[in-house]
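Encoded as structure tokens, the structure appears first; notes follow it.
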Amino acid sequence: MGRLRACFRLRRLLETRPPPSSPSPARVPKLSARTSPFSSAVAVAAAAPHDARDSGLGSSAYWAWIRAAAEAAPAPAPPQEEEEEGLSRYIPVKAYFLSTSIDLKSMQAEHFSDVVPQSTRSLNYIALRYSEFPPEIMDIGVRDNRFCYRYVVVFQYGSAVLFNIADHEAEHYLDMIRNHASGWLPEMRKDDYAVVEKPSLTTWMKGGLDYIALKSVDTDGIRIISSVLGQSIALDHYIRQVDDMVEEFTEINRVMEKTGDFTMKRKKLFQLVGKANSNLADVIIRLGLFDRSEIAWKNANYAQILEYLREEYELNQRFGSLDFKLKFVEHNIHFLQEVLQNRRSDLLEWGVIILLTIEIVISLYEIIKDSSMMS
């Protein structure tokens with residue numbers, strides 16, 4: 001809303017200024033009441049003189065012109081203020097699962113100036129904030145500039161959630177995260193969502209299809225939304241891994257049904273045991289799927305958002321399905337372990353029998369040899 005108000009001030013100033021004798025600069029395009037606030041930067045840039053704009057967005061003359069115009073613009077009329085209050089902000093959200101681990105300490109040290117101070121004692125994520133505009137435009141006195149920023153929330157278990165970042169810009173931030181990631185996945189998973197900030201809402205929040213509407217959005221709200229989206233996209237990865245194990249055991253059971261035997265090696269079975277156990281531990285411990293949120297604990301509004309999103313993404317139901325599949329895998333592992341153990345016992349028994357047989361044969365040979373010598 002603040003950036004939109006700045007655009008209105010610039011337009012009013014330009015409309016009241018007398019036309020210059022030299023070629024006139026491009027006029028600010030007329031903005032309707034429904035113009036997206038994220039397009040305000042384009043409108044401001046279009047209003048700048050060509051000679052300043054041609055020298056590049058980083059030109060001091062360009063930003064000095066914007067600063068002077070914004071400071072000299074008259075205050076908007078009350079009816080327009082009321083019209084602005086009915087506007088909504090659309091904030092695109094993208095969740096990614098890049099790797100199995102991200103070094104938050106090294107990332108925080110490299111980007112310490114962009115780190116948003118923590119409001120809780122949680123150590124499994126960091127939130128980074130980047131200005132959508134250069135510092136010059138952020139200092140012109142815009143009252144509400146929260147979403148002049150892009151937010152990146154990175155989780156230790158490998159998820160990253162991006163706010164207010166377009167598709168063509170996301171790869172830059174993902175490359176920044178990959179520099180601190182380990183255990184890269186062959187295929188990165190992605191999920192799209194959206195947050196709509198609507199001050200005219202009569203309730204604190206309202207859910208919709210692939211979006212959530214909030215009366216107000218702040219950094220704690222971003223943290224709550226990120227926690228659920230990050231857990232959800234990571235849970236998809238672990239569910240797929242468990243599905244692969246279920247399919248593998250299903251194929252083994254089909255072969256056993258036809259042949260009455262199976263050919264899995266002991267090493268392969270132990271690898272499956274380790275994979276099943278590590279998946280369960282990652283979901284419960286690293287993802288913190290059932291950990292209490294301090295932000296939601298302190299504020300009922302955030303608790304409402306958390307509960308709604310967990311229900312929307314069916315985290316409890318999906319974990320229940322994952323747990324059921326892991327129990328199926330565990331049952332098959334125990335069965336195959338017993339079969340392999342029985343095979344090992346049978347092998348040892350046959351070894352003992354063969355050794356006894358050899359010993360008996362040797363004893364008989366010595367007896368026969370001694371008898372022939374005595375005779």
Side-chain angles (χ1 to χ4, degrees), residues 92-107 110-111 124-126 128 152-163 165-193 210 226-255 263-289 313-315 317-319 321-330 332-333 336:
V93 184
K94 300 172 182 62
Y96 298 88
F97 190 68
L98 300 88
S99 65
T100 57
S101 179
I102 297 177
D103 188 352
L104 297 184
K105 290 184 178 179
S106 65
M107 190 171 185
E110 182 176 343
H111 304 275
N124 75 329
Y125 76 92
I126 58 172
L128 305 174
V152 178
V153 184
V154 185
F155 294 89
Q156 188 176 21
Y157 52 78
S159 290
V161 185
L162 281 56
F163 286 79
I165 297 176
D167 289 333
H168 67 279
E169 300 171 321
E171 195 61 31
H172 165 73
Y173 295 95
L174 295 178
D175 288 339
M176 176 187 69
I177 298 170
R178 290 190 184 102
N179 294 333
H180 306 273
S182 59
W184 289 9
L185 303 179
E187 181 182 358
M188 181 177 66
R189 303 187 66 83
K190 178 188 175 185
D191 189 17
D192 290 310
Y193 198 64
D210 291 332
S226 299
S227 67
V228 178
L229 296 183
Q231 289 172 345
S232 176
I233 196 72
L235 191 58
D236 281 344
H237 166 74
Y238 292 111
I239 289 175
R240 175 171 290 190
Q241 282 199 321
V242 174
D243 285 341
D244 291 341
M245 286 191 290
V246 170
E247 182 62 30
E248 189 168 356
F249 279 110
T250 302
E251 185 61 28
I252 291 173
N253 291 329
R254 289 196 188 102
V255 173
T263 58
M264 178 179 285
K265 295 183 179 180
R266 191 179 185 87
K267 180 180 179 181
K268 176 65 175 178
L269 182 61
F270 283 159
Q271 287 176 338
L272 289 174
V273 172
K275 189 175 182 180
N277 292 336
S278 64
N279 281 338
L280 185 60
D282 286 344
V283 170
I284 295 177
I285 299 174
R286 298 192 64 205
L287 266 64
L289 203 59
Y313 280 91
E314 300 180 340
L315 292 187
Q317 294 88 331
R318 288 159 64 195
F319 175 78
S321 175
L322 177 70
D323 188 47
F324 177 80
K325 292 174 183 178
L326 283 173
K327 287 181 179 178
F328 169 79
V329 171
E330 182 182 0
N332 281 269
I333 287 173
L336 296 179

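Just so it is clear, the model here is predicted, and its values are computed rather than measured. Throughout, residue positions are numbered sequentially from 1 according to the sequence presented.
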Calculate, to the nearest 0.5 Å, the distance between atoms CZ and CG belonging to Phe319 and Leu289 respectively.
6.5 Å
Does Asp243 form a salt bridge (charged side-chain N to carboxylate O under 4.0 Å, His left out) with Arg240? I'd like the steps, not just the answer.
CA-CA 5 Å; Asp243 285 341; Arg240 175 171 290 190; over 6 Å; no
Would you compute the distance between atom OH of Tyr96 and atom CG of Leu185 and round it to the nearest 0.5 angstrom?
14.5 Å
Does Met176 form a side chain to side chain contact (heavy atoms under 4.5 Å, CB included) with Tyr173? I'd like the steps, not just the answer.
CA-CA 5 Å; Met176 176 187 69; Tyr173 295 95; 4.2 Å; yes
Is Glu251 paired with Arg254 through a side-chain N to carboxylate O contact shorter than 4.0 Å?
yes
Distance in Å, His172 NE2 paired with Leu162 CG, rounded so as to fall on 0.5 Å steps:
10.5 Å
Is there a side-chain contact between Val329 and Leu272 (heavy atoms, below 4.5 Å)?
no
Looking only at the side chains, is there a donor atom on one of Arg286 and Thr100 sitting less than 3.5 Å from an acceptor on the other?
no
If you compare all heavy atoms of Ala234 against all heavy atoms of Leu287, which two are closest, and at what distance to 0.1 Å?
CB-CD2, 3.9 Å
CA sep, side-chain torsions, deciding dist, call: Lys275, Glu248, salt bridge (charged side-chain N to carboxylate O under 4.0 Å, His left out)
CA-CA 13 Å; Lys275 189 175 182 180; Glu248 189 168 356; over 6 Å; no
Kindly assign one of parallel, tilted or perpendicular to the pair His180 and His111, based on the angle between their ring planes and the thresholds 30° and 60°.
perpendicular
Kindly indicate whether the side chain of Gln156, heavy atoms from C-beta on, has any atom under 4.5 Å from the side chain of Ile102.
no
Do Ser232 and Leu315 come within less than 4.5 Å of each other through their side chains, counting heavy atoms only?
yes
Heavy-atom side-chain proximity of Asp191 to Asp236 below 4.5 angstrom:
no
Side chain to side chain contact (heavy atoms under 4.5 Å, CB included) partner of Asn332, the single match among Leu269, Asn253, Val246:
Asn253
All heavy atoms of Ala160 vs all of Leu98, minimum pair found to be CB-CD1, 3.8 Å
Output the distance between atom OH (Tyr313) and atom CG (Leu235), rounded to the nearest 0.5 Å.
12.5 Å
Please determine whether side chain to side chain contact (heavy atoms under 4.5 Å, CB included) holds for the pair Ile233 and His237, giving the CA-CA distance in whole Å, both sets of side-chain angles, and the decisive distance to 0.1 Å.
CA-CA 7 Å; Ile233 196 72; His237 166 74; over 6 Å; no
Run the side chain to side chain contact (heavy atoms under 4.5 Å, CB included) test on Ile165 and Val152 for me, step by step, so that the C-alpha distance in whole Å, both residues' side-chain angles and the decisive distance to 0.1 Å come before the verdict.
CA-CA 9 Å; Ile165 297 176; Val152 178; 3.9 Å; yes
Is the shortest heavy-atom distance from the side chain of Val161 to the side chain of Tyr193 under 4.5 Å?
no
Heavy atoms of Ser182 and Ser99 approach each other most closely as O-CB, 3.2 Å
Heavy-atom distance under 4.5 Å between the side chains of Ser159 and Tyr125, does that happen here?
no
When rounded to the nearest 0.5 Å, the distance separating CD of Glu314 from OG of Ser321 is 10.5 Å
Flag if over 12 foreign heavy atoms under 6.0 Å of NZ, Lys190:
yes
Test: Arg178 and Glu171 ion pair at under 4.0 Å
yes
Less than 4.5 Å apart, side chain to side chain, heavy atoms only: is that true for Asp192 and Asp210?
no
Taken to the nearest 0.5 Å, the spacing of Asp282 CG from Tyr157 OH works out to 11.5 Å
